[in-house]
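Beneath this line is the structure, given in structure tokens, with notes to follow.
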Number of protein chains: 2
Amino acid sequence: MTKSEVYFQKYCRRAGLKRSGQRDKVFNMFLKTEQHISAFRLFEKIRKQGEKIGYSTVYRTLRLLVKAGLAQTLTFGGETHFEHKFKHKHHDYFICSKCGKTIEFTSPTIERIQNRLAKKYNFTPQKHTLLIYGLCINCQNKQ
Amino acid sequence: MTKSEVYFQKYCRRAGLKRSGQRDKVFNMFLKTEQHISAFRLFEKIRKQGEKIGYSTVYRTLRLLVKAGLAQTLTFGGETHFEHKFKHKHHDYFICSKCGKTIEFTSPTIERIQNRLAKKYNFTPQKHTLLIYGLCINCQNKQ
DNA sequence: AATGAACTTGACATTCATTTTCAATATTGT
DNA sequence: ACAATATTGAAAATGAATGTCAAGTTCATT
């Protein structure tokens, strides 16, 4: 049992939820997925493994993960994407306007400035989303 | 005629579009609106002035403004918001997770770092969205 | 001013992701 | 084993974004 698993099971128990195989499937597949993923793609990924699962269950579990603090959402391209939050460092993204490719990056300096500005505006930050749209190197060249 | 108006009318003409009162209404109300606004709220705002207008027209005109480079979109709270782009400096946002209030801010330093990172990743930036979610001072106190 | 090709309008329909519903099924404490 | 309660997933509902199209408007040309 990884730390995330322990944390999640404890969270569920405290919330008065019952253990369920379906929920575990979603949780495990989410854990295995390093990059951000949409509810639908996660659903497909589980089905492709031959597992039987409904979309609602995937959706509900992801929402639960967010509530539990294990995941967080970011919206782009008209879709909600879920990414790790627990024991994972935060990412910002470059998104290619043409091909949709995403490149993750991190910047401690940006984070630091954000916190400073938040304080200045009497704002307690919880999470943030930084999306930079533009052209990736491929799409620049293809013209 | 402001510079934006001249620019917009020229753009329309070049694009082979005809002049129209409805389009002007949308454009003018958008100009008057300093903060970001959703298509639906802009639609309401025009209607409340006693003007007759269809939602499609508002929506289409806003999309046109984006294409013309006068507006840009940012998505949060499950809605697309339109903000000025022409002769307006770019804003980043604090968004209160509780009451939805937004606070605009700018940070030249963050912009600079973004450009540096983009270069490092061979990415040509076009626009960006920085949303910091958290609690505004009111919601912190209300507990 | 009349013409006609092309653009605009807005009510309505459609699409698509997200969210809810609910009857059948599974889990858990006693 | 029982009862209370949670889970599941197919189907329906929601809501924002986008497309459709017949009727109306614009504008260069005659």
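So that the names make sense, note that chain A is the first sequence line, chain B the second, and so on, each numbered from 1.
- Contact check, Thr57(A) against dG9(D): a side-chain N or O comes under 4.0 Å of OP1 or OP2.
- Among the atoms of the strands shown, only primed sugar atoms or phosphate atoms (P, OP1, OP2) are found under 4.0 Å from some heavy atom of Arg47(B).
- Atom CG of Leu42(B) and atom C1' of dA17(D) are 16 Å apart (whole Å).
- Remark: the Lys18(B) side chain and the dA6(C) base include a donor-acceptor N/O pair separated by less than 3.5 Å.
- Rounded to whole angstrom, the span from the CD atom of Gln9(B) across to the P atom of dC27(D) amounts to 10 Å.
- What separates CD of Glu44(B) from C1' of dG10(C) is a distance of 17 Å, to the nearest Å.
- Between Phe94(B) and Tyr121(A), the angle of the ring planes lies from 30° to 60°, which puts this pair in the tilted group.
- Distance Asp24(B) CG to dT8(C) P: 12 Å, rounded to the nearest Å.
- The side chain of Arg63(A) has dT20(C) as its nearest neighbour among dT20(C), dG9(D), dT8(C).
- A straight line from CZ of Phe76(A) to C1' of dA17(D) spans 19 Å, rounded to a whole angstrom.
- Residues Leu17(A) and Thr80(B) both approach DNA chain D. Their nearest nucleotides, taken by heavy-atom distance, put Leu17(A) toward the 5′ side.
- Comparing Ala15(B) and Ile53(B) by the nucleotide of DNA chain C whose heavy atom lies nearest to each, the residue mapping closer to the 5' end is Ala15(B).
- In this structure, Phe43(A) places its CZ atom 16 Å from P of dT19(C), rounding to the nearest Å.
- Between Arg13(A) and dG29(C), a side-chain N or O to OP1/OP2 separation shorter than 4.0 Å is present.
- Here dA17(C) is the nucleotide among dA17(C), dG9(D), dT9(C) with the atom lying nearest to any side-chain atom of Glu79(A).
- Of all heavy-atom pairs between Tyr133(A) and Phe123(B), the closest is C-CE2, 3.8 Å.
- Leu62(A) has its CG atom 13 Å from the P atom of dT8(D), to the nearest Å.
- The Tyr59(A) side chain lies nearest to dT19(C) when the options are dG9(D), dT19(C), dG10(C).
- Here the nucleotide nearest the side chain of Lys52(B), chosen from dT8(D), dT28(C), dA11(C), is dA11(C).
- For Ser56(A), the side-chain atoms get nearest to dG9(D) when compared with the rest of dA6(C), dT28(C), dG9(D).
- Looking at Gln140(A) and Thr124(B), their side chains do bring a donor and an acceptor atom within 3.5 Å of each other.
- The aromatic rings of Phe40(B) and Tyr55(B) are tilted relative to each other, their planes meeting at an angle between 30° and 60°.
- When side chains are defined from C-beta on, Gln22(B) does not count as touching Glu51(B), because their heavy atoms never get closer than 4.5 Å.
- When all heavy atoms of Ile113(B) and Ser107(A) are compared, the closest pair comes out as CG2-OG, 3.8 Å.
- Interface remark: the Arg60(A) side chain does form a donor-acceptor pair with the dG9(D) base, using a distance-only criterion of under 3.5 Å.
- An OP1 or OP2 oxygen of dT8(C) is reached within less than 4.0 angstrom by a side-chain nitrogen or oxygen of Arg23(B).
- Take the nearest nucleotide of DNA chain D for Ser38(B) and for Gly21(B): the residue whose nucleotide is more 5' is Ser38(B).
- Base engagement by Tyr55(B) is indicated by at least one non-hydrogen atom pair under 4.0 Å involving a base atom.
- When the C1' atom of dT19(C) is taken as reference, atom CG of Leu64(A) falls 16 Å away, rounded to whole Å.
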